[in-house]
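Not measured: the values here are computed from a predicted model. To find a chain, count down the sequence lines: A is the first, B the second, and so on, and within it residues start at 1.
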Amino acid sequence: MGNDADRSRAKRNRARGNGDPAEAGVLQQDPALPPIAVPDQEREAEERRWTPPKIILWVAIAILGGLAWVMLAVVRGETVNAIWFVFAAVCTYLIAYRFYSKFIERVITRPDDRRATPAEYLANGKDYVPTDRRVLFGHHFAAIAGAGPLVGPVLAAQMGYLPGTLWIIVGVILAGAVQDYLVLFFSTRRGGRSLGQMARDQLGRVGGVAAIIATLVIMVIIVAILALVVVNALGESPWGVFSVSMTIPIALFMGVYLRFLRPGKITEISIIGFILLLAAIIGGGMVADTAWGAAVFTLDRTTIAWGIIIYGFIAAILPVWLLLAPRDYLSTFMKIGTILMLALAIILVRPEITVPAFSEFAGNPAGGPVVPGSLFPFLFVTIACGALSGFHALIASGTTPKLLEKERQSRFIGYGGMLMESFVAIMALVAAISIDRGLYFAMNISAANTLGTVEGAVAYVNSLGLTGVNLTPELLEETARNVGEESVVSRTGGAPTLAVGLAHIMQQLIGGTALMSFWYHFAIMFEALFILTAVDAGTRVARFMLQDSIGNIFPKFKDASWTLGAWICTAIMVAAWGAILIMGVTDPLGGINTLFPLFGIANQLLAAIALAVCLAIVADRGQFKYLWVVALPLAFATAVTVTASLYKIFSPVPAVGYWAQHNAFKEALAAGEETFGTATSREAMEAVVRNTFVQGTLSILFVVLTVIVIAVAVYRTIRAFSNGGGINTEDPAVASRIFGASGLITTKPEKRIQKLWDALPADKRREKSRH
Amino acid sequence: MNAITIRRGLASVGRYVQAVMGDNAYEVYLAHHRSAHPDVPPMPEKEFWRERDDVQDREPQGRCC
């Protein structure tokens, strides 16, 4: 596209406020139908009408939220009640949703419900279906939320509760939810195109290719590290290994049931599957108690990692109906259930939190023992999901737009859905900090320091000199006994800590200590379920992307029905994440603490790419006055991820910098040392040299790709600025012929119009475009 | 709050869960098909569900962390 063409279109873009003259003709309302949208004037009048009850409600929300923040951030007594976290989060979300997302809607997205969404104009009754907004909210939430928001906040709790809480809540309203909303809306205007395609359209060839490579590499990292979380939760745990393994036959049974016995009875089989899952958890406890059970299912981490790699390959080449689809149903079902359970438990039990607002590690440039590195930037990469998660851009583009009924609903689905995920992250944080602080550190410090023994953990944790922490061997032994594990020392990765926290809260509600082991394994089970679903789906999506990319050179690979090609690409992707997983499992430095920052950096870099694409789009629309809405989170995400990457590449502190670690071990090897740091043999030292090389190289790759994408986006933005706008990459407008309310609650004008539609004869209602 | 209201409430929760899980996909397809291609017979139910799963083999969908 030449510059002249850009400029002539730019003129049109600048004029494009709420009605391009060319579009106005297309978007004529069909006179035979009731209104397909609430008239702008009426809607705005309704939004601006402040009745006394409405004012009282919002003042009450503001006061309650403000009070909660004062309790958390200013008063910070000896203990703080968990209920304040809930109030602070919910009230802030409500205010942000009502005012900030509405502001973004008014000044940036400017949805037009007279325009049909791709779900309407491409409707085929299968993947393009205008879906009820509340149902779509459930779908979208199930697709974006998984184990991520349950893990990151747990690890970040080492800094105290306040930094994590602030970042989760402020981050989501200014960054995460903004990204999800904008990507969803912009993709909807573009026929539901994927992030990669939008990047190519908006940023040109170089930016587009960099974005696609970055997405692919990031996907590999994310799958690998999620798998590492499962491995760490199941290592040396016969109970966990048994019950999580049972999910495979349960899913196979569900698949066969749905395929051959009762097709379409998804909820029915999910309930059956859920009951079988509970049986598997209870059975796991019994099996682990027997001598043969303990002998068969006590596996070390390396064996489990290989198991997951082999499983991941098989799961990715089996037909979807047999394993992936049924497990996805089970996972969705569990997601709704466990999150309700977590919320109810925290609200009913209201545990007292004794963790300080800022811990001793918050001001330490080397960070804490759970994840190394200073608070800025590493807190912001440790908590990615729940505050700002780039991965969501892959769901918000492509998948959800194909189901979105009306443009104006994208605020509720995109912004609202992400707020919901953030709330899950807050609850995970509360669950993790409700347990004893000494126990928290004993569980989350790697075996390299605790030696994996109760004595070692007690000695190490007590040597940290944390105020109020006096860890006793009895506490560690009692906790292990209560949750039905051999040991809880160095169960890193976040999942076991959350499980202990959840069990701790739930047993106060139901069952007492007798049921603690059940709740613990229930929590491990759902985390493993979410993660394994993400591993399967991630491998498939990555394989698909790889096939597509190789297909540009060898066209045969593009043929999705060519089984060998699919197998080769699956094997490549599994080998890629499998190698990183094995590296993490065998890492003499501990694994999760060295790799988790890469996960966060990868996820946030994807967010930076998505926001860069949004920036270029907003600039091309000529909306420079409000560019800051996108530029602010983009600048922050860029600062965080680039700084974190630079630390990882250049920091001279070995715990933080991969290359510093690499060189330190290399020199030690060259000097003929037999042991160095936490590595007890020359093989271990060589492993560190190898691992840090891979990690350091990945860091460089990430940062280079992202800087390319952001630089292109900024260049395009500046060019658009000097032209007063840029190319319009939207699909042509199509007039809508359906109606749908916008938000969670149907407003009065919407009810009035809905009544007219309901009164319409069935054959005229909901007529979709033919194709 | 009588038994009928509670039952109605539970029924609508049940319907919501079923819609999120996708139990009603075939009905949705039929409704679409009737209005878009009234002259073509719709796909039989069993075939529809098979097709629905198999399409994921060709176009996998991501699941987030």
If you tally heavy-atom pairs under 4.5 Å between each of A:L318, A:D328, A:N603 and chain B, the highest tally belongs to A:D328
How close do A:N124 and B:Y29 get, counting heavy atoms only, and between which atoms?
O-CD1, 4.3 Å
Neighbour count >12 (heavy atoms, 6.0 Å) for atom CH2, A:W567:
no
Residue among A:G138, A:G148, A:A143 with most heavy-atom pairs under 4.5 Å to chain B
A:A143
Sub-3.5 Å donor-acceptor pair from the side chain of A:Y329 to the main-chain atoms of B:G22, do we have one?
no
Is a donor on one side and an acceptor on the other found under 3.5 Å between the side chain of B:D57 and the backbone of A:V320?
yes
For atom CD1 of B:I4, decide whether the heavy atoms of other residues, nucleotides or ligands shown that lie under 6.0 angstrom number more than 12.
no
CH2 (B:W49) and NZ (A:K265) are apart, to the nearest 0.5 Å, by 8.5 Å
Taken to the nearest 0.5 Å, the spacing of B:M21 CE from A:I336 CD1 works out to 6.5 Å
Measure distances from A:V129 to the heavy atoms of chain B and classify the residue's part below 4.5 Å as side chain, backbone, both or neither.
side chain
Distance (rounded to the nearest 0.5 Å) between B:Q61 CD and A:T400 OG1
9.0 Å
So which part of A:A542 gets closer than 4.5 Å to some heavy atom of chain B, the side chain, the backbone, both or neither?
neither
How long is the gap from CZ on A:R262 to NZ on B:K46, to the nearest 0.5 Å?
12.0 Å
Heavy-atom check, side chain of A:I266 versus side chain of B:Q18, under 4.5 Å
no
Best-contacting candidate, B:D54, B:D23, B:V20, against chain A by heavy atom pairs under 4.5 angstrom
B:D23
Interchain contact, A:I395 with chain B, by part (heavy-atom threshold 4.5 Å)
side chain
First locate atom CZ of B:R50, then atom CZ of A:F260, and finally report the distance between them rounded to the nearest 0.5 Å.
5.0 Å
Is chain B contacted by the side chain of A:F141, its backbone, both, or neither, given a heavy-atom distance below 4.5 Å?
neither
Using a strict 4.0 Å threshold on nitrogen-to-oxygen distance, state whether B:R52 and A:D127 make a salt bridge.
no
Would you mind telling me which of A:G264, A:P263, A:P149, A:P319 has the largest number of heavy-atom pairs within less than 4.5 Å of chain B?
A:G264
If you count heavy-atom pairs under 4.5 Å with chain B, which of A:R134, A:E421, A:M219, A:E268 comes out on top?
A:R134
So do B:V55 and A:K126 actually touch side chain to side chain, heavy atoms under 4.5 Å?
no
